[in-house]
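One structure is given below, encoded as structure tokens.
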Amino acid sequence: MPRYQAPRGTRDLLPEERARLSRLEATAADLARRYGYPQIDTPLFEQTEVFERGVGAVTDIVEKELFRVSGGSGGEEERWALRPEATAGIVRAYIQHGMQTLAQPVRLSLVGEMFRYDRPQAGRYRQFRQWDVEAIGDAGPAIDAEILELAYRFYSDVGVMGVEAHLNSIGDRACRPAYVERLVDYFGKRESQLPGLERHRLRSNPLRLLDSKDPAMAGLIAAAPRITDHLCDACREHFDGLQAHLSALGLTFRLEPTLVRGLDYYTRTVFEFYVEGQHGQQDAVGSGGRYDGLVELLGGRPTPAIGFALGLDRVLLALADAGSTSTDARHPTAVVVGANPSDTATRLTVATQLRAAGLFVRAELASRKLSRQLEGAAREGSHFAIIVGDEFESGQVQLKDLQAGTQRLVNVADLARELERAEGSHRHGPAAGG
RNA sequence: GUGGCCUUAGCUCAACCGGCAGAGCAUCGGAUUGUGGCUCCGAAGGUUACGGGUUCAAGCCCCGUAGGCCACCCCA
């Protein structure tokens, strides 16, 4: 067993999986461009306070999942923390760079690593990757719909099947406190029926009682007062408007009155995307919501905003589960092999020239006999083999078509052009196996 | 952070009741001179995750640690 291995909760992305991730990132980048959400990057770590205030000090993410880092040799301990999510950092950047002076809303996106120190499981890592999209400075429900539609579009474009949005409104400062009071009153009167953990929640975070998975809670939750029955007029209007927009877009969603989020900053719109059929695995592949109070909380002017984060590692899992094992195996156009096993210099020289011409060419650098070199070239799916032999002295090589089994003498000076032509016609021909 | 299951070659897995640690695939080499994916032959690859304990004897039984997975917590 290896003495060193990747730290718990982290993993190496080997070429095949890295390629699958790159496809997701390319889709995200393309959508970000077409929807007008240019990409930005923020640091992987921030002052701890940014997350404590931004995400919420009493949330699980901050209380027990924050990766705290100390700089230098002592001192300044735990002043910073690795980002557990992207929104707080983006909002910090929005404020720091005076983006409130730009045309509102400011649309931004970010692809990158997030860190949470929790117990790993399939689809749950301590270092994971998210695509995050934010629209800061627009209060209307239309932008909520745009954001949701963008997320849906991503799942659809990359080929995740069976994604469903769970949607709710959790009110705002005007109506939520009164609702929470009502909820505490309801569960308080039935405290004797609550399991121990839930009894504790009644005091620490009563909203969370609603999404308890304890079977003993099901009946109580079903009969509990619903936030959507107690929204203020403004929140009601916003929520109705959002649903109208979604319907106009032809998007389906499931109203989930018990959906609350684990982050403090959400107001009004909250949603989570679930993919069906992730047996036992983490089936939440994305989530988001409106955070109208966050900019102000981090020191900016009162600014409405909404965004979502989408778990790329989980999308990868969902795609693997769906059986879409389209490996992105890339085969070289040609492999340069040699009749003289020890003459690696000539093979490397020929390959270098072809690469300079833009071709994907591998040189066989092992000093083994020609038949082994050809075997390797054929097995990795190369279209051509270029055989360097005695003819090289007169400026020629054998160009062997490994699929057709034919070969002919070609001047080295013409090689690049010949390969380009063949590759072009090959590309337009029947798809290569792989 | 709580509870449970698991860990044998690079990968997938064998190994009877505690009795010499194996196979397939992959890798490398060979099968008469410069021609390929197949076939045949061979080699290499192991402190049985790590550290203790019980025993004449431990991959197998016991304890601890690490890692993976599952269910919670919570979420991406």
Side-chain angles (χ1 to χ4, degrees), chain A residues 1-11 14 55 59-65 83-87 112-132 151 195-198 200-201 204-205 208 211-215 259-263 272-275 278-288 308-318 331 335 337-341 343 364 366-392 397-407 433:
Chain A
M1 282 298 107
R3 176 167 176 183
Y4 300 111
Q5 44 189 316
R8 182 171 204 196
T10 70
R11 61 205 185 113
L14 302 184
V55 176
T59 58
D60 275 17
I61 288 179
V62 165
E63 274 186 337
K64 60 178 208 184
E65 296 176 3
R83 62 186 184 194
E85 51 93 61
T87 304
E113 311 284 351
M114 308 297 155
F115 303 84
R116 291 182 198 174
Y117 190 82
D118 57 1
R119 193 144 166 181
Q121 230 169 288
R124 173 195 286 176
Y125 307 102
R126 288 180 171 178
Q127 175 180 335
F128 57 101
R129 202 168 294 235
Q130 288 188 338
W131 179 38
D132 189 272
L197 178 69
E198 311 300 338
H200 176 70
R201 267 188 181 147
S204 63
N205 200 346
R208 292 237 135 257
D211 64 356
S212 167
K213 282 164 197 152
D214 194 319
L259 173 64
V260 296
R261 300 299 321 283
L263 289 69
E272 293 182 346
F273 289 96
Y274 288 92
V275 56
Q278 291 265 74
H279 48 274
Q281 267 139 4
Q282 316 303 314
D283 57 355
V285 291
S287 65
F308 74 82
L310 193 150
L312 296 178
D313 303 88
R314 289 189 179 175
V315 169
L316 236 34
L317 262 183
H331 317 294
V335 174
V337 300
N340 178 356
D343 183 11
E364 176 56 67
S367 297
R368 49 184 184 179
K369 59 199 243 180
L370 180 60
S371 63
R372 287 287 179 198
Q373 296 181 50
L374 283 167
E375 181 183 341
R379 280 208 293 186
E380 72 187 281
S382 176
H383 191 183
F384 293 100
I386 294 161
I387 305 170
V388 178
D390 295 338
E391 322 83 75
F392 190 75
V397 294
Q398 292 283 356
L399 177 61
K400 183 179 179 73
D401 186 325
L402 290 169
Q403 287 162 19
T406 58
Q407 71 179 47

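In what follows, chains carry the letters A, B, and so on, assigned in the order in which the sequence lines appear, proteins first and then strands, with residues in each chain numbered from 1. Note that the structure is predicted; figures quoted are calculated from it, not measured.
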Side-chain N or O of A:Arg8 closer than 4.0 Å to phosphate OP1/OP2 of B:G67: yes

Can you tell me, in whole Å, how much space there is between the P of B:A14 and that of B:U35? 44 Å

Rounded distance in Å between the C1' positions of B:C50 and B:G67: 10 Å

Which of B:U35, B:G68, B:A76 is nearest the side chain of A:Phe128? It is B:A76

In whole angstrom, give me the gap between the C1' atoms of B:A23 and B:U48. 16 Å

Check: A:Arg11 side chain, B:G68 base, donor-acceptor under 3.5 Å: no

Please list, pair by pair, any protein nitrogen or oxygen found under 3.5 Å from a nitrogen or oxygen in nucleotides 26-33 of chain B.
unit_1, atom_1, unit_2, atom_2, d
B:U27, OP2, A:Arg379, NH1, 3.4
B:G29, OP2, A:Arg368, NH1, 3.3
B:G30, N7, A:Arg372, NH2, 2.6
B:G30, O6, A:Arg372, NH2, 3.4
B:A31, OP2, A:Lys369, NZ, 2.7

Looking only at N and O atoms, is any donor in the side chain of A:Arg129 or the base of B:A76 less than 3.5 Å from an acceptor on the other one? no

Side chain of A:Gln5 - closest among B:A76, B:U35, B:G67: B:G67

Donor-acceptor pair present, A:Glu391 side chain and B:G34 base, under 3.5 Å: yes

Can the positive tip of A:Arg11 be found less than 6.0 Å from the middle of the six-membered ring of A:Tyr125, inside 45° of the ring normal? yes

When the P atoms of B:C63 and B:C6 are considered, how many whole Å apart are they? 12 Å

Would you name the heavy atoms of A:Pro120 and A:Gly9 that are closest together and state the gap between them? CG-CA, 3.7 Å

Euclidean distance for P, B:C56 against B:C13 (whole angstrom): 37 Å

Based on Watson-Crick and G-U pairs with both distances under 3.5 Å, what dot-bracket line describes RNA chain B 5' to 3', crossing pairs as [ ] and inter-strand pairs as |? (((((((..((((.....[..)))).(((((.......))))).....(((((..]....))))))))))))....

Using only side-chain N and O atoms of A:Ser371, determine if any of them is under 4.0 Å from OP1 or OP2 of B:U35. no

Using the P atom in both, what is the distance from B:U47 to B:G34, to the nearest Å? 39 Å

Taking N and O atoms by type only, does the side chain of A:Gln407 place a donor or acceptor under 3.5 Å from a partner on the base of B:U35? yes

Salt bridge (Lys or Arg N to Asp or Glu O under 4.0 Å) involving A:Arg368 - partner list, sequence neighbours excluded: A:Glu364

